[in-house]
Amino acid sequence: MSEKSMLAAADTLKALRDEKTELQAKLKEVQESIDTVEAELIQYMTDEECTGFDRNGSRFSLVIKEFPGAVPEEKEELYRRMREHGFDHLFTINTMTLGATVKELKANNDDVLPDWLEGVIQIYEQPNIRVAKSRK
């Protein structure tokens, strides 16, 4: 390989990495705009008690994602209570499995956390807008 080819490859690599850096900065900027407008839309939909609507061929739905997790100071108590209710198997499985199990327990209890988990599980809710193609 000639020195000329090596230098040309180096220039190309540098240009591509610079372009990547610029695109990442632009992506960050766009994501910040998305977050701002999404928060605004969530507030409007919440104020209007609107769970969804169609607009210009897209369906906008207000969804609430739940992220249950152990109260840090109460982990040992949580484990004790979960074992007591037959959920020993969860303690070798990841947080997503715990979340799915808590979701199922709530579904089987009128969407309320069972009393025996009160104080040892905290649920973080994150509102979100789902945009999908309208069915029209």
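As the structure is a computational prediction, the values presented were derived from the model and not from experiment.
Listed by first then second residue, pairs satisfying side chain to side chain donor-acceptor pair (under 3.5 Å) with a partner in residues 30-50 read Q31-D35, E40-Y44, Q43-D47, not counting sequence neighbours.
Within the 4.5 Å cutoff, the side chain of K106 has heavy atoms near those of the I123 side chain. M82 is listed as a side-chain neighbour of L98, based on a closest heavy-atom distance under 4.5 Å. With contacts defined as side-chain heavy-atom distances shorter than 4.5 Å, the pair L78/V71 does not qualify.
Rounding to the nearest 0.5 angstrom, the gap separating the CD atom in E74 from the CD atom in Q122 is 10.5 Å.
Follow the hydrophobic side-chain contacts under 4.5 Å out from W116 and you reach Y79 in the same cluster. Under the 4.5 Å side-chain heavy-atom criterion for Ile, Leu, Val, Met, Phe, Trp and Tyr, L62 and V131 are members of the same hydrophobic cluster.
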Does the pair E84 and R80 meet the rule for a salt bridge (Lys or Arg N to Asp or Glu O under 4.0 Å), with working shown? CA-CA 6 Å; E84 195 175 274; R80 187 190 67 71; 2.6 Å; yes
With side-chain contact (heavy atoms from CB on, under 4.5 Å) as the test, would you mind laying out the steps for N109 and L113 before giving the verdict? CA-CA 7 Å; N109 193 38; L113 193 64; over 6 Å; no
Derivation of the side-chain contact (heavy atoms from CB on, under 4.5 Å) call for Q24 and K20: CA-CA 6 Å; Q24 287 173 326; K20 178 182 176 184; 3.4 Å; yes
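Nearest heavy-atom pair, N128 versus I42, reported as atom, atom and distance to 0.1 Å: N-CD1, 3.8 Å. Across all their heavy atoms, F60 and R55 have their closest contact at CE1-CB, 3.8 Å.
When hydrophobic residues (I, L, V, M, F, W, Y) are linked wherever their side-chain heavy atoms come within less than 4.5 Å, L16 remains an isolated member.
Within a 6.0 Å radius of CG in D18, other residues, nucleotides and ligands contribute more than 12 heavy atoms.
Panel note: side chain R81, backbone E118; a donor-acceptor pair is recorded below 3.5 Å.
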